[in-house]
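Below is one structure, written out as structure tokens, with a few remarks after it.
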Amino acid sequence: MYGSTNLSEEDAKRMNSTVEDPEKLEAFESRIARGEKIEPQDWMPVEYRKQLIRMIEQHAHSEIVGALPEGTWITRAPNFRRKLALIAKVQDEIGHGQLLYSAAETLGKTREEMLNDLLNGKSKYSNVFNYPAKTWADIAVIGFLVDGAAIVNQVINSKGSYGPYCRALERICYEESFHLKQGHDNVVYLATGTKHQRAILQDAINRWYVPLLHFFGPPDKMSAHSEKLMKWKVKLASNDDMRNQFLDQYVPKIWELDITFPDPNLKKNNDGIWEFSDPDWNEFKRVINGGGPCNAERIAVRKFAEEAGRWVRQALMNPTEKYVVPLA
Amino acid sequence: MSNALKDLLFKMADDALIIGHRNSEWTGIGPMLEEDLAFSSMAQDKIGHAQALYKILNEVLGEADADTLAFKREEKQFKCCQLVEQPIGEYDFSIVRQFLFDHAELIRYDMLTQSSFQPLAQLAKKVKGEIKYHVMHADTFVKQLGKGTEESKARMQSSLNYAWHFALGIFEKSEFENELISENIFAGEEELKKRWLEKITPIIEAATLKVPVTDESKIIYGGRKGFHSEYLKPLLDEMCEVVRTDIDAEW
Ligand SMILES: [Fe+2]
Ligand SMILES: [Fe+2]
Ligand SMILES: [Fe+2]
């Protein structure tokens with residue numbers, strides 16, 4: 001759930017009561033049905049705009065907050081190859097944030113407003129980043145499995161109806177494929193390494209298992225349905241479908257390495273559906289609502305960055321010099 | 001000659017590695033996303049330069065491999081100047097440090113394109129092209145923030161004053177100075193410092209800032225001889241934390 005497509009009950013109610021011009025709505029819906037993309041200047045229902053902003057904004061926040069747990073390991077990466085790869089990876093994530101904020105801005109909300117809403121708690125980011133990265137093995141597991149989960153979500157969303165979001169996602173997915181390769185390589189090194197390396201890998205997998213199941217959001221039977229979001233191609237797959245696709249792609253790759261998941265019930269059924277123990281959805285709710293191990297820390301760091309950097313942004317309000325970006 | 005070369009390569013590599021480490025600390029906390037990205041790019045370049053220099057030490061001069069040189073040496077074996085060791089502080093210090101350091105780097109590598117030591121001359125040509133962008137980045141921000149608001153101007157001036165005596169420590173001479181010059185390996189720290197001052201003075205003035213007054217006795221030397229500030233040891237402990245958990249493992 002990089003950008004969550006789950007509706008609150010309130011949202012769902014409003015969604016079904018907002019009245020739109022029926023002719024325009026019909027034209028809009030048939031464009032989407034034909035597979036056309038909606039562009040910023042096109043007419044769109046109020047709720048479509050609103051839900052997209054919410055989703056893209058959450059996705060953008062997830063990228064920049066997600067950079068924090070991994071960022072703390074850049075200075076500790078154990079050799080040149082891993083260090084350079086990790087800096088480039090985290091840099092990509094921040095670049096994704098930048099790209100997504102721009103995509104959301106085309107719908108009428110500024111980056112500044114979005115960042116403010118992140119800090120004041122009005123807008124969320126992916127739950128998975130509220131857990132700590134405790135050892136170097138967490139970096140391997142995040143790179144392989146958290147990015148892997150994100151890719152499942154992002155590839156699906158890139159088939160959506162809003163042009164700027166789809167285009168941003170296509171570029172993001174291209175970069176993500178490198179993260180996945182690095183993450184897998186890192187996991188393999190640990191799994192085939194010393195006793196200590198295998199032990200920290202197993203420990204990291206044990207800790208990330210539940211957050212990864214939570215990543216795709218509550219089970220379909222628990223979440224508020226929205227036919228409309230499906231019809232408008234804002235939501236393209238159910239939480240359960242995405243979770244199943246993730247398990248199908250990644251569980252065998254971990255088992256292959258003789259590493260286990262902390263769930264005796266995890267298995268694939270004959271019908272292709274994965275079974276697993278209930279990952280405590282109350283815990284999920286608690287973390288989303290601020291009770292996770294790192295929620296406060298993540299927001300505090302972003303607040304610090306916002307406040308410490310204010311004088312710089314103010315001094316740049318009337319630029320006299322051309323901005324130069326060093327390339328790497 | 002090989003000791004003189006090693007000394008030069010180690011101090012350059014260590015400078016690059018440590019400033020790269022410091023630059024990378026801005027990831028995720030810059031004053032705007034664009035600056036996170038910029039410092040991250042510079043960190044990658046600098047760490048890449050360090051790796052390339054250690055590689056020359058390894059392949060041409062018989063030292064250990066790059067990873068060993070970076071991750072398994074003691075603090076006193078490092079030859080970096082104390083400027084690069086200092087914590088990132090606030091953004092004004094980091095940008096001023098970047099400005100002072102990268103101008104010196106650009107000129108140093110420019111001089112080294114003429115080096116009689118071919119592996120270094122070759123590398124210098126490539127590195128110069130990258131550092132040019134770092135310098136442009138620093139110049140933009142020094143000018144913009146120097147001329148920005150009252151607060152930004154005051155911050156920039158005070159960071160410039162603070163960083164200045166560390167920066168002059170970049171040019172601390174080694175015992176091999178004469179040998180490097182006479183062998184046409186490197187034209188020397190004195191020459192580098194002269195060209196550096198000529199280059200940065202007009203930029204500092206264009207930023208409406210004042211070039212700090214130098215007092216020779218305040219210049220912070222020592223780094224080139226292995227005497228470091230209190231900040232290098234913890235930095236290295238952090239950098240080597242994972243490696244030390246299992247010293248023989250492959251990561
Ligand atoms: Fe990303
Ligand atoms: Fe990624
Ligand atoms: Fe990059």
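Throughout, a chain's letter reflects where its sequence line sits, starting with A, and its residues are numbered from 1.
The environment of Arg171(A) atom CZ is sparse: at most 12 non-hydrogen atoms of other residues, nucleotides or ligands sit within 6.0 angstrom. Within 6.0 Å of CD in Glu250(B) there are 12 or fewer heavy atoms belonging to other residues, nucleotides or ligands. For Glu238(B), the CD atom counts as densely surrounded, since its 6.0 Å shell holds more than 12 non-hydrogen atoms of other residues, nucleotides or ligands. No more than 12 heavy atoms of other residues, nucleotides or ligands sit less than 6.0 Å from atom NZ of Lys76(B).
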Exercise for the section: Take Arg76(A) and Val243(B) through the test side chain to side chain contact (heavy atoms under 4.5 Å, CB included) and record every step on the way to the result. Expected result: CA-CA 8 Å; Arg76(A) 294 177 275 179; Val243(B) 175; over 6 Å; no
Exercise for the section: List the steps and the verdict of salt bridge (Lys or Arg N to Asp or Glu O under 4.0 Å) for Glu34(B) and Arg111(A). Expected result: CA-CA 13 Å; Glu34(B) 286 72 13; Arg111(A) 192 206 278 187; 2.7 Å; yes
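Looking only at side-chain heavy atoms (C-beta outward), Trp311(A) and Asp92(B) come within less than 4.5 Å of each other. A 4.5 Å side-chain heavy-atom check between Thr75(A) and Met239(B) finds every atom pair outside the cut-off. Looking only at side-chain heavy atoms (C-beta outward), Ser41(B) and Gln91(A) come within less than 4.5 Å of each other. The side-chain heavy atoms of Thr27(B) and Glu70(A), taken from C-beta on, include no pair separated by under 4.5 Å. When side chains are defined from C-beta on, Trp251(B) does not count as touching Asn186(A), because their heavy atoms never get closer than 4.5 Å. Taking the side chain as every heavy atom from C-beta outward, Ile64(A) and Leu33(B) approach each other to under 4.5 Å. The shortest distance between side-chain heavy atoms of Arg302(A) and Ile29(B) does not fall below 4.5 Å.
In this structure, the portion of Asp36(B) lying under 4.5 Å from any heavy atom of chain A is its side chain and not its backbone. Residue Ile94(A) touches chain B through both its backbone and its side chain, counting heavy-atom pairs closer than 4.5 Å. For Thr245(B), the parts lying near chain A are the backbone and the side chain together; criterion is any non-hydrogen pair under 4.5 Å. Only the backbone of Ala77(A) comes within contact range of chain B, judged by heavy atoms closer than 4.5 Å.
The CG atom of Leu17(B) sits 7.0 Å away from atom NZ of Lys83(A), with the distance rounded to the nearest 0.5 Å. In this structure, the separation between CD1 on Ile87(A) and CD1 on Ile47(B) is 3.5 Å, given to the nearest 0.5 Å. With values rounded to the nearest 0.5 angstrom, Arg313(A) atom CZ is found 11.5 Å from Glu35(B) atom CD. Gln44(B) CD to Ile74(A) CD1: the interatomic distance, rounded to the nearest 0.5 Å, is 8.5 Å.
Taking the six-membered ring for Trp and thresholds of 30 and 60 degrees, Tyr54(B) and Phe80(A) have ring planes inclined between 30 and 60 degrees apart.
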